[in-house]
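Below: one structure, written as structure tokens.
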Amino acid sequence: MAARTIRTQVGIVGAGPAGLLLSHLLHLEGIESVVIESQSRAHIEERVRAGVLEQGTVDLLNAAGVGERMRREGLVHHGIELRFQHRGHRIDFQELTPGRAITVYAQHEVVKDLVQARLAAGGQVLFQVQDVAIGALEDDSAQIRFRHNDEDCRIACDYIAGCDGFHGICRSSVPQGVFRFYEKTYPFGWLGILAEAKPASGELIYANHERGFALLSMRTPKISRLYLQCRPDEDLSQWPDERIWEELQRRVESVDGFRVNEGPILQRGVTAMRSFVAEPMQYGRLFLAGDAAHIVPATGAKGLNLAAADVRVLAHALACRFRTGSGERLQGYSEICLRRVWRAQHFSWWMTSMMHRFEGSDGFDHRRQLAELDQVISSRSAAATLAENYTGLPFQLPGEEL
Ligand code: FAD
Ligand code: DHB
């Protein structure tokens, strides 16, 4: 039987933050899109992941009319703490980057807000699709084939946005040799937990400790999000609750007797640390955005924010293409995005190298880290560099200066 054909302007693979936000921004520009997602709606709306939104991401969500709940429930932070040698040092965003802050608001809440906005506007988001394949990327129009509700389906579209994350199929559907990959893996991961416990501090704490890195974050005034550096292939069965709490307490201990608040652990998982970039981020009628094109180690809190920055550029370029017929902005998509991507790669690598324990070193690395941290807390320009990058570089469109 012939596949059911859906005709649209932009076919979007993946309903993560990149795919959903792109679909919403295109809608605001009067451009039609269809999003397909391999997971269920409940799954993507509950998946615990990022939590830190840069100022630019917050501004973008607000300008796009999907920031109402974020403004109500998000926690605005004007600084973070760096903790080492049992002392805390605050990096004050307000003083160092006037007007810029971060907002702690869970990624899955952003996803919920975007799904709701798409469906309320009559947008098509197809969940639990299977056997997705893309093709005809060099032709006059592109296509996406998949199965949905036991039916063979086909999207015929002008362009495809590959927003299907690091493990998606879009990047690998392009002929070999088109993309160049840059990759770095780190000899550690993060064990992350969500706990029903009041955050012990009003702001995030990044701790460098001889036993390894720890990060205290939060989701709400009653829910903590906490991370411990661990092995990349760490076996969670070796981490009963008591061991997690004991290790957290040790890594963030301070001269003033600081304690992490403990409580029932609601969720736990291990995340590997990786730096990855595919260049260019486009091929024919395919444009990669977000984790499909690049991964950063989580220490700089940049992944979700880069995804938002990519799709802002892509939505703008597609709008120019459909409005004026000129593909010039689309051709420049990758170049514009990669500049920001590499800045974020550098920042994330730098934060990661400064904060984690590197096995096998004779202590040189730790001493070097302490010197670097000392510089960050004692030099205004070094602190400002961290604050500028952490709160996020301004978003850039073609023709705009950074
Ligand atoms: P994804 O969110 O991965 O979305 C891709 C979507 O595509 C998924 O829904 C997937 O199911 C779907 N998909 C995959 N294959 C297919 C297919 N074949 N067909 C259809 N659909 C498909 N970033 C930050 O900015 N700040 C943070 O604080 C932060 N913390 C993090 C903490 C953790 C523990 C983790 C794991 C990540 C963190 N990140 C953080 C990174 C951030 O979560 C990602 O960068 C972000 O999810 C990227 O969004 P995306 O839409 O590009 O990809
Ligand atoms: C969170 C995650 C990060 O990677 C980070 O650097 C800061 C906070 C979080 O999940 O809250």
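Both ligands and their constituent atoms are indexed starting at 1 by order of listing. Please read these numbers as outputs of a predicted model, since none were measured by experiment.
For Y227, every heavy-atom contact with ligand 1 shorter than 4.0 Å involves the side chain, none the backbone. Proximity of V13 to ligand 1, defined as any heavy-atom pair under 4.0 Å, is confined to the side chain (atoms from C-beta onward). Contacts between I295 and ligand 1, counted as non-hydrogen atom pairs separated by less than 4.0 Å, are absent for every part of the residue. Residue-level proximity to ligand 1 for V132 is carried by the side chain, the only part with a heavy atom below 4.0 angstrom. Contacts of D164 with ligand 1, taken as heavy-atom pairs under 4.0 Å, involve both backbone and side chain.
Closest non-hydrogen pair, A315 versus L26, comes out as CA-CD2, 3.9 Å. When all heavy atoms are compared, the tightest approach of V111 to I44 is CG1-O, 3.6 Å.
For ligand 2, the atoms sitting less than 4.0 Å from at least one non-hydrogen atom of R49 are 10 (O), numbered in the order shown with element in parentheses. Within ligand 1, the atoms closer than 4.0 Å to a non-hydrogen atom of G14 are 6 (C), 7 (O), 12 (C), 21 (N), numbered from 1 in the order shown. Atoms of ligand 1 lying under 4.0 Å from at least one heavy atom of G16, given by number and element, are 2 (O), 4 (O), 6 (C), 9 (O), 51 (O). Close approach of ligand 1 to G51 (heavy-atom distance below 4.0 Å) involves ligand atoms 27 (C), 28 (O). Contact atoms of ligand 1 toward G168: 15 (N) (distance under 4.0 Å to a heavy atom of the residue). Each of the atoms 5 (C), 6 (O) of ligand 2 lies under 4.0 Å from some heavy atom of A301. Atoms of ligand 1 lying under 4.0 Å from at least one heavy atom of T271, given by number and element, are 34 (C), 36 (C). Short contacts between ligand 2 and W190, defined as distances under 4.0 Å to a heavy atom of the residue, involve ligand atoms 3 (C), 4 (O). Annotation for ligand 2: atoms under 4.0 Å from non-hydrogen atoms of Y206 are 5 (C), 6 (O), 7 (C). Close approach of ligand 2 to T299 is summarised as follows: ligand atoms under 4.0 Å from at least one heavy atom of the residue are 6 (O). Heavy-atom proximity to L204, at under 4.0 Å, picks out these atoms of ligand 2: 7 (C), 8 (C). Close approach of ligand 2 to A298 (heavy-atom distance below 4.0 Å) involves ligand atoms 3 (C), 4 (O), 5 (C), 6 (O).
Judged by distance alone, the side chains of S275 and Y182 never bring a donor and an acceptor atom under 3.5 Å apart. Residues R250 and H209 bring no donor and acceptor atom of their side chains to less than 3.5 Å of each other. Side chains of W342 and H294: no donor on one and acceptor on the other come within 3.5 Å. R154 and T5 are linked by a side-chain donor-acceptor pair at a separation below 3.5 angstrom, with hydrogens and angles left out of the test.
In this structure a side-chain-to-backbone donor-acceptor pair under 3.5 Å is present from R251 to F213. Counting only distance, with no hydrogens or angles, the side chain of R285 and the backbone of D158 share a donor-acceptor pair below 3.5 Å.
Between Y283 and F179, the distance separating the two ring centers is not shorter than 6.0 angstrom.
Any N or O atom pair closer than 3.5 Å counts here, and A50 shares no such pair with ligand 2. Residue Y390 has no nitrogen or oxygen atom sitting less than 3.5 Å from a nitrogen or oxygen atom of ligand 2, judged on distance alone.
Looking at atom 1 (C) of ligand 2, its nearest protein heavy atom turns out to be Y227 CE1, 3.8 Å. S217 OG, 2.6 Å is the protein heavy atom nearest to atom 11 (O) of ligand 2. Ranking protein heavy atoms by distance to atom 8 (C) of ligand 2, first place goes to V52 CG2, 3.4 Å.
Compare A106, A50, S40 by their heavy atoms: the one nearest to atom 27 (C) of ligand 1 is in A50. Among R47, R49, H167, the residue whose heavy atom lies nearest to atom 3 (O) of ligand 1 is R49. When L21, D291, L191 are checked for heavy-atom proximity to atom 52 (O) of ligand 1, D291 turns out nearest. Around atom 26 (N) of ligand 1, the closest heavy atom drawn from A301, G165, G300 belongs to A301.
Put simply, no part of W190 is less than 4.0 Å from ligand 1, judged by heavy atoms. Taking a 4.0 Å cut-off on heavy atoms, H43 fails to register as neighbouring ligand 1. Within the 4.0 Å heavy-atom cutoff, R225 counts among the residues contacting ligand 1. Taking a 4.0 Å cut-off on heavy atoms, R219 registers as neighbouring ligand 2. Heavy-atom separations between C163 and ligand 1 include at least one value shorter than 4.0 Å.
Ring geometry for F188 versus F358: interplanar angle over 60°, hence perpendicular rather than tilted (30 to 60°).
Comment: E335 does not engage R339 in a salt bridge, judged by the lack of any side-chain N to carboxylate O separation of less than 4.0 angstrom.
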